[in-house]
Student: 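I have a structure I would like to understand better, so I am pasting it below and will then ask my questions one at a time.
Computed from heavy atoms alone, side chains included, the values below leave out hydrogens, waters and symmetry copies. Chain identifiers are assigned alphabetically (A, B, ...) following the order of the sequence lines, protein sequences preceding nucleic acid strands; residue numbering begins at 1 within each chain.
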2 protein chains.
Amino acid sequence: MKLNTKSRYAVMALADMSKFPINNPVSLRDISLRQSISLLYLEQIFIKLKKNDIVKSVRGTNGGYVLKRDPKNIKLSEIFQALDQKVKTVGCKKDSKKGCNGKSAKCITHELWDELEIYINNFFENKKLSDLSLTKGDI
Amino acid sequence: MKLNTKSRYAVMALADMSKFPINNPVSLRDISLRQSISLLYLEQIFIKLKKNDIVKSVRGTNGGYVLKRDPKNIKLSEIFQALDQKVKTVGCKKDSKKGCNGKSAKCITHELWDELEIYINNFFENKKLSDLSLTKGDI
DNA sequence: GAATACTTGACTATTTTAGTCGGGTATATA
DNA sequence: TATATACCCGACTAAAATAGTCAAGTATTC
Ligand code: FES
Ligand code: FES
């Protein structure tokens, strides 16, 4: 079970932004330098964050991105969703009646994995961006 | 975040076994048929389970594998460990002082991911094989 | 009009996953 | 003791996912 870099960087970048006065555009270039994340990669990530109403963009000189909401109201689960990062522990399609083995019933472990999936999603659901942006002084 | 098939199948196979009288060897062929898992793949999986003292093998005709311990004493975390399935949410090496970006300090999100890693590992640590083998009547 | 910074789709190398294959060895039972 | 059953184990491979890069823009401010 691994977390991909896209989600990790997304949270890192947003945490970085949330350290600055809101409504003050933060450029990807700056985030890239501070957090050592490839600028090109960040661009890809922010397109998705924008589409999902987590940030908004300000174009032109001194532009950048701005958090669209208070960090207190941004759940990690939303960030993950924005990046199509899903927690998938079951081997089957959830809403299908078929099991992971192609049989007509769910397998003997299905319930367990489902429980795990809910368990993990709970973590993301209950964590807000603000929960981590304030923990440390350094950027 | 996805769970790989090896771990999923391992748990499935062990759950299958635990439905039968202990000390009664269960052949991989039977498990393969019942659970629709490739026999060749199962072999690969069971070599590892054996090396990690979760099952023992009985060779020859009517042989198979036997659980080495009571399902009550087999934690999911052990099964995962046996298959080198690690939960990895941080981007850095845990015991290194360096961060995921190659810098000398841990990044701003490190603590969060570490917390998640512990959270998930907890799940596996607290689940026993017996917790799922008895839930359903069917195999 | 020059510089800054966002926008977007396509492309690619690398790694991981999910298996398969081949050629063994050990044991029970007929 | 022959044969079938079933474990043993390293090497191999196709396919998918990941982690980016690249090229060619557009919008805005100074
Ligand atoms: S995981 Fe859903 S049926 Fe096996
Ligand atoms: S995840 Fe450990 S330093 Fe970034």
Student: Quick check on C:dT16: is either OP1 or OP2 less than 4.0 Å from any side-chain nitrogen or oxygen of B:Asn4?
Tutor: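 Negative; the distance criterion is not met.
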Student: Considering only nitrogen or oxygen atoms on both sides, find all protein atoms under 3.5 Å from nucleotides 1-3 of chain D and state each distance.
Tutor:
none

Student: Kindly list each side-chain donor-acceptor pair under 3.5 angstrom involving residues 74-82 of chain A, sequence neighbours excluded, with atom names and distances?
Tutor:
from, atom 1, to, atom 2, distance (Å)
A:Lys75, NZ, A:Glu125, OE2, 2.6
A:Ser77, OG, A:Glu125, OE1, 3.0
A:Glu78, OE1, A:Arg69, NH1, 3.0
A:Glu78, OE1, A:Arg69, NH2, 2.9
A:Glu78, OE2, A:Arg69, NH1, 3.4
A:Glu78, OE2, A:Lys75, N, 2.9

Student: Hey, is NZ on B:Lys97 packed in by over 12 heavy atoms from elsewhere, all under 6.0 Å?
Tutor: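 No.
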Student: What is the distance, rounded to the nearest whole Å, between atom CG of A:Leu39 and atom P of C:dT8?
Tutor: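 Taking atom P of C:dT8 as the reference, CG of A:Leu39 is at 16 Å.
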Student: Expressed in angstrom and rounded to an integer, what is the separation of A:Glu43 atom CD from C:dA10 atom C1'?
Tutor: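 Distance, rounded to whole Å: 15 Å.
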Student: Nearest nucleotide by nearest heavy atom, which residue falls closer to the 5' end of DNA chain C, B:Thr61 or B:Lys6?
Tutor: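 Its nearest nucleotide lies further toward 5', so the answer is B:Lys6.
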Student: How long is the line joining CE of B:Met1 and C1' of C:dT17, in whole Å?
Tutor: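 Computing the B:Met1:CE to C:dT17:C1' distance gives 16 Å.
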Student: May I have the distance from B:Asn62 (atom CG) to C:dT27 (atom C1'), rounded to whole angstrom?
Tutor: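 It is 10 Å, rounded to the nearest whole Å.
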Student: Whole-Å distance between D:dA19 P and B:Lys88 NZ?
Tutor: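 From B:Lys88 NZ to D:dA19 P: 12 Å.
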Student: For A:Ala15 versus B:Ile108, what's the shortest heavy-atom pair and its separation?
Tutor: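 Between these two residues, the closest heavy atoms are CB-CD1, 3.6 Å.
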Student: Identify, with sequence neighbours excluded, every residue that meets side-chain contact (heavy atoms from CB on, under 4.5 Å) alongside A:Lys6.
Tutor: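 Partners of A:Lys6 under the side-chain contact (heavy atoms from CB on, under 4.5 Å) test: A:Asn4, A:Tyr41, A:Gln44, A:Ile45.
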Student: Give the dot-bracket string for DNA chain C, reading 5' to 3', where a pair is Watson-Crick or G-U wobble with both distances under 3.5 Å, ( ) marks pairs inside the strand, [ ] marks pairs crossing earlier ones, | marks a partner on another strand, and . marks unpaired.
Tutor: ||||||||||||||||||||||||||||||
Student: What's the CE-P distance between A:Met17 and C:dA5, to the nearest Å?
Tutor: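 After rounding, the reported distance stands at 14 Å.
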Student: Going by the rule salt bridge (Lys or Arg N to Asp or Glu O under 4.0 Å), which residues pair with B:Lys50 if we only count those two or more places apart in sequence or in a different chain?
Tutor: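 Salt bridge (Lys or Arg N to Asp or Glu O under 4.0 Å) check on B:Lys50 returns nothing, list empty.
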Student: Among residues at least two apart in sequence or on other chains, which ones pass side-chain contact (heavy atoms from CB on, under 4.5 Å) with A:Cys92?
Tutor: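 For A:Cys92 the side-chain contact (heavy atoms from CB on, under 4.5 Å) partners, ignoring immediate neighbours, are A:Val90, A:Cys100, A:Lys106, A:His110.
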Student: How far apart are the closest heavy atoms of B:Pro25 and B:Gly64, and which atoms are they?
Tutor: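 Heavy atoms only, the tightest pair is CB-N, 3.8 Å.
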Student: If you link ILVMFWY side chains whenever their heavy atoms are less than 4.5 Å apart, which other residues fall into the same cluster as A:Val58? By chain and number, please.
Tutor: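 When side chains under 4.5 Å apart are linked, the cluster holding A:Val58 also contains A:Val66.
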Student: Is there a side-chain contact between B:Thr5 and the phosphate of C:dA18, meaning an N or O under 4.0 Å from OP1 or OP2?
Tutor: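 Yes, B:Thr5 has a side-chain N/O under 4.0 Å of OP1/OP2 on C:dA18.
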Student: Output yes when at least one side-chain N/O atom of A:Tyr65 is less than 4.0 Å from OP1 or OP2 of C:dA5, else no.
Tutor: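 It does not, given that no N or O in the side chain of A:Tyr65 lies less than 4.0 Å from OP1 or OP2 of C:dA5.
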Student: Please list, by residue number, the residues of residues 44-59 of chain A whose heavy atoms come closer than 4.0 Å to an atom of DNA chain D; answer none if no residue qualifies.
Tutor: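 Contacting residues: A:Gln44, A:Arg59.
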Student: Show me the pairs that pass side chain to side chain donor-acceptor pair (under 3.5 Å) and involve residues 52-63 of chain A, at least two apart or across chains.
Tutor: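 Applying side chain to side chain donor-acceptor pair (under 3.5 Å) to every pair that reaches into residues 52-63 of chain A, excluding sequence neighbours, yields A:Asp53-A:Lys68.
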Student: Looking at DNA chain D, which of residues 25-33 of chain B put a heavy atom within less than 4.0 Å of it?
Tutor: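 Heavy-atom contacts with DNA chain D come from B:Val26, B:Ser27, B:Leu28.
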Student: Determine the minimum heavy-atom distance between B:Tyr65 and B:Met17, stating which atoms define it.
Tutor: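 Minimum heavy-atom contact is O-CE, 3.3 Å.
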Student: Under the rule for salt bridge (Lys or Arg N to Asp or Glu O under 4.0 Å), what residues qualify as partners of A:Asp30, not counting sequence neighbours?
Tutor: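 Testing A:Asp30 for salt bridge (Lys or Arg N to Asp or Glu O under 4.0 Å), a comparison that skips the adjacent residues, returns none.
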Student: Looking at every heavy atom in both B:Arg8 and B:Leu3, which two are closest together, and how far apart are they?
Tutor: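 In terms of heavy atoms, the two residues are closest at NH1-O, 3.6 Å.
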Student: Starting at CG of A:Leu40 and ending at P of D:dG25, how long is that distance when rounded to a whole Å?
Tutor: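 To the nearest whole Å, that distance equals 17 Å.
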Student: Please enumerate all residues that pass salt bridge (Lys or Arg N to Asp or Glu O under 4.0 Å) together with A:Asp95, with sequence neighbours excluded.
Tutor: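 If we apply the salt bridge (Lys or Arg N to Asp or Glu O under 4.0 Å) test to A:Asp95, skipping adjacent residues, there are no hits.
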Student: Just the rounded figure in Å: distance from C1' of D:dA14 to OH of B:Tyr41.
Tutor: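 Answer to the nearest Å: 13 Å.
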Student: Taking 4.0 angstrom as the limit, do B:Lys72 and B:Asp131 come out as a salt bridge?
Tutor: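 No, no charged N to carboxylate O under 4.0 Å.
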